[in-house]
Structures are given as C-alpha cells and as structure tokens.
Visitor: 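Mind having a look at this structure? Questions to follow.
Note on naming: letters A, B, ... go to the chains in the order of the sequence lines (proteins, then strands), and numbering restarts at 1 for each one.
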Protein chains: 2
Amino acid sequence: MAVDRDHVLRSAAALLTRKSTATMDEVARAAGISRATLHRHFAGRDALVRALEALGIEESEAALDAARLDDGPAREALRRFVTEIESAAGLLAFLYTENQLFEGEAQNEGWSRIDARIAALFRRGQTSGEFRIDLTPAWLTEALYGLMASGAWAVAEGRLAPKDFTYMIVELLLGGALRREEP
Amino acid sequence: MAVDRDHVLRSAAALLTRKSTATMDEVARAAGISRATLHRHFAGRDALVRALEALGIEESEAALDAARLDDGPAREALRRFVTEIESAAGLLAFLYTENQLFEGEAQNEGWSRIDARIAALFRRGQTSGEFRIDLTPAWLTEALYGLMASGAWAVAEGRLAPKDFTYMIVELLLGGALRREEP
DNA sequence: CCCAAGTGAGACGTGAACGTCTCACAAGAA
DNA sequence: TTCTTGTGAGACGTTCACGTCTCACTTGGG
C-alpha cells in the first residue's frame, strides 16, 4: 500500500533524464501513482528536484567510496569510479544541466565535496607523474562531468551502446584521440 | 528605429546560455526592446528558438568552412575548428541541451550535416593513422560537443579562463590526461 | 471482523507566461 | 511640415501546470 519512495525517485530520474521539463503529472504517471500521492511525498517540484539531488549526491559518494580513489594507479581508480557511477549517469546528467539555472542560489555543499574528491584524484595522478600537469584538476573534473552527460544522453538516444559507456569515457579522458606508439 | 534582428538573437543567445528558462519578457529586456516588439519579429518562443538554432547551425558551418577540415593533419584541423567555434560555444551549449527535449520531432537536418562533417574529420584522422581506431567517430563527435558545453559553462561561471577554452578542450580531446614520454 | 491509514480520481482556485490587441509617441521620408 | 512606419507601454483573455482539497475506495493491522 505504502508508496516506495525510492522507486518514485528512480522513475522520476529516468523520465527527467529523457525529458527534463516533464510535468508533475507525467512524473507521477511514470512512477505508477497519482499526482495527489506524489504531492503527499514531495511538497512540490522543487522538493522533488532537491530529493533527486540528494539521491545523486548519495550515489556519487557511494561510487567514490566503492572506487577506492586512493588505491593504486590513478587511472585505474578513475576507471573504477566511472564503472561504479554508470547506473546513475542519467540522473547526474539531468542534475548537471538543472544546476545551470540555480543562478544565485548556493549549490548543495555535497557537490563541493564530490568535486573536491575527484579533483584530488586528478591531483594525485599529477603528483605521481601519471597525469600531465598542463590540464588543471578543476578542468579535468569538469570534463569528466561533460563526458558523463554526453555519454548518458548518447546511450539514452541509442547513439552509444550501454556496454561501451565506461570504456569510451575513460579511454577518451585518459588517452585522448591521438594514436600512440607506446601504450 | 528598426530593430537589429541579429542583435536581438545574440542577446537572447547570451541570456539563454546562462538561464535557459528565461521568459520572453526577460529576453526582450536583455535585447533592450519591449515584449511586443520581440513578438513582432518572432511569433513565439518556439520561433525564437528555431531562429537561434538556425544561427547556431550557420555559425557552426561557417566555423567548419573557416577551419578547412580537409587540410593538413587532422589534429590541427580540429584545433582550428575549436578556435573558430569558441565565440558561439555558449549558444551551442544551450541548443545542445535544448535538443534533448525535442523528443519525437525530427531534428534540424543542419545538425546532421555538421555531425557528418565533424565525424568525417575524425574518420580521416583514423584512416591516416593519426587517431586511434577504438573510439568511434560518432563518439568522438559526441564527446567534442560535451566538452564544448562543459567549457562554455565553466567559462560562463568563471571556473575556466576564456583564453584557456580552446587549449583545454583540444588538448584533452586529442591527448587525454595521461602523461606521455614522447609527444 | 472492523478500523485506520494510505491511495486514486477529480474538482477547484491560483499564478505565471503566453499571445493578441490598442493607442500614443518618436523617427525618418516625402 | 506632414505622413508613414515602427516602437513602447500596457491592458486583456487564454492556457497550462501547480498546489490544495474532498471523497470514496482499498488494503493491511488489530
């Protein structure tokens, strides 16, 4: 009888990834509940987005934990992270663009924590000599977000096979498009 | 007296890059005209977005022409293209996300032409042995869009210096994050 | 069995943005 | 100067999604 809050959030995430302007009614139907019930659990669209944001942050931090960013080569840590985050990539792509229009308002501090952890990984790679130092950790972090969003949309629209998601992102981010003699 | 259509479009592009949900009134004020006059030139929000789309396509094709994609090493052609497109990157970032919600409707064929030309550049680079072949031209094209959007937003929000825009995008896309002994 | 809690369906009022319209005014052309 | 054209300001009605509310129904617990 009781609505599964987590199921509602994941349905909403899946829908909003495809159509970021979906109405509350569409969100409710996608979750298989009525608009009234949706409002009983989330005061309004804003509250829903905030809940999705919290979910996105939670999943990101879980992926960061599972990827053990401090262990082994930075490149392998990055690969583990992208593998872990894949299932949440669509949600993150939605939140990434949604954040663009929160102009003025301070962004959730959770994102700052996540940014810092990812940037620290790139910095560690630079310090160890694994990564080049002319691309700043902040930019590499930003680029990772952009590639994840592109990858998530490409998968959603059938332009990229889901199984290639991690490989394409990690290989491009780490190795770039240029062919190299020595791997 | 007569309104400068091009000026209106560029104002709208600049505003919508920052705030994609801006109202027609905000767009009008940003261009320094009244809402009534804006409606005299663009029947509605949809028509405005279509006009912006046409502008984005026009600027993209102009950049493609100016970059002479068929000349010299593919990597240099790519660098020329990103340099040429930089001034329109914000507009393209807006259109890139806006396209996500045109589900169902066929996208403007102009984008198909542009996609094809960029993908052809990557394919040329692969054929010549310059680029690796395990990353598909379609994905490299998608990734380029994603990085341009990330770059444009990062610049708009002050996280990236405008002068570094081209370098960061091209270097990451071509060379990746890994440090290499031989350049 | 009965009751309480949660849900679905739908009505209702609200507010925002839209698109249209009118009218007065300013600028350039005749 | 006079006339024409385009603009600004604002009023107006419409649409759409929102948030709230009611009421009947279902489901699970006591």
Side-chain angles (χ1 to χ4, degrees), chain A residues 1-56 90-91 93-95 97-105 108, chain B residues 1-56 91 94-95 97-105 108:
Chain A
M1 195 174 187
V3 157
D4 180 354
R5 177 188 163 97
D6 194 67
H7 170 252
V8 173
L9 282 177
R10 293 187 187 282
S11 304
L15 173 60
L16 291 170
T17 296
R18 296 194 308 274
K19 187 181 177 185
S20 60
T21 58
T23 67
M24 291 296 275
D25 192 75
E26 291 174 305
V27 171
R29 292 186 186 285
I33 62 175
S34 73
R35 196 165 67 94
T37 302
L38 179 59
H39 268 90
R40 286 189 188 99
H41 290 266
F42 303 98
R45 187 188 183 76
D46 206 61
L48 176 63
V49 173
R50 296 298 180 183
L52 285 170
E53 189 176 32
L55 178 62
L91 172 59
F94 162 69
L95 294 171
T97 58
E98 196 77 0
N99 266 335
Q100 303 297 332
L101 41 97
F102 282 168
E103 62 172 17
E105 308 174 37
N108 191 309
Chain B
M1 195 177 186
V3 157
D4 180 353
R5 177 187 163 99
D6 194 69
H7 170 251
V8 173
L9 281 177
R10 293 187 186 282
S11 304
L15 174 60
L16 290 171
T17 296
R18 297 195 307 275
K19 186 182 179 186
S20 59
T21 57
T23 67
M24 292 295 276
D25 194 75
E26 291 174 305
V27 171
R29 290 185 187 287
I33 62 176
S34 73
R35 196 165 67 92
T37 303
L38 179 60
H39 267 89
R40 286 189 188 100
H41 290 267
F42 303 98
R45 187 190 185 75
D46 206 60
L48 176 64
V49 173
R50 296 297 178 182
L52 285 170
E53 190 176 32
L55 178 63
L91 171 59
F94 162 69
L95 294 172
T97 57
E98 196 77 2
N99 267 335
Q100 303 297 332
L101 42 97
F102 283 169
E103 61 172 21
E105 308 174 40
N108 191 310

Visitor: Given atom CZ of R29(A) and atom P of dT7(C), what is their separation to the nearest angstrom?
Guide: 17 Å
Visitor: Got a second to check how far E53(A)'s CD is from L95(A)'s CG, nearest 0.5 Å?
Guide: 6.5 Å
Visitor: If I take atom CZ in residue R40(B) and atom C1' in nucleotide dG10(D), what distance separates them, rounded to the nearest angstrom?
Guide: 12 Å
Visitor: Can you name the residues that form a salt bridge (Lys or Arg N to Asp or Glu O under 4.0 Å) with R10(A), not counting sequence neighbours?
Guide: D6(A), E59(A)
Visitor: In whole angstrom, give the distance that lies between atom CZ of R5(A) and atom P of dT7(C).
Guide: 13 Å
Visitor: OP1 or OP2 of dT7(D) versus the side-chain N and O atoms of H41(B): is any pair under 4.0 Å?
Guide: yes
Visitor: Under the salt bridge (Lys or Arg N to Asp or Glu O under 4.0 Å) definition, can you give me all pairs with a residue in residues 31-44 of chain B, not counting sequence neighbours?
Guide: none
Visitor: To the nearest angstrom, how far is E26(B) atom CD from dC18(C) atom P?
Guide: 9 Å
Visitor: Output the distance between atom CG (L16(B)) and atom NZ (K19(B)), rounded to the nearest 0.5 Å.
Guide: 10.0 Å
Visitor: Might you point out which heavy atoms bring T17(A) and L91(A) nearest each other, and give the distance in Å?
Guide: OG1-N, 3.7 Å
Visitor: Using a strict 4.0 Å threshold on nitrogen-to-oxygen distance, state whether E26(B) and R29(B) make a salt bridge.
Guide: no
Visitor: How would nucleotides 11-18 of chain D be written as a contact map, 5' to 3', with B for base contact, S for sugar-phosphate-only contact and - for no contact, using protein heavy atoms under 4.0 Å?
Guide: B-----SB
Visitor: Taking the side chain of T37(B) as its heavy atoms from C-beta onward, which of dC21(C), dA9(C), dT7(D) lies nearest to it?
Guide: dT7(D)
Visitor: Taking CG from L48(B) and P from dG19(C), how many angstroms apart are they, rounded to a whole number?
Guide: 10 Å
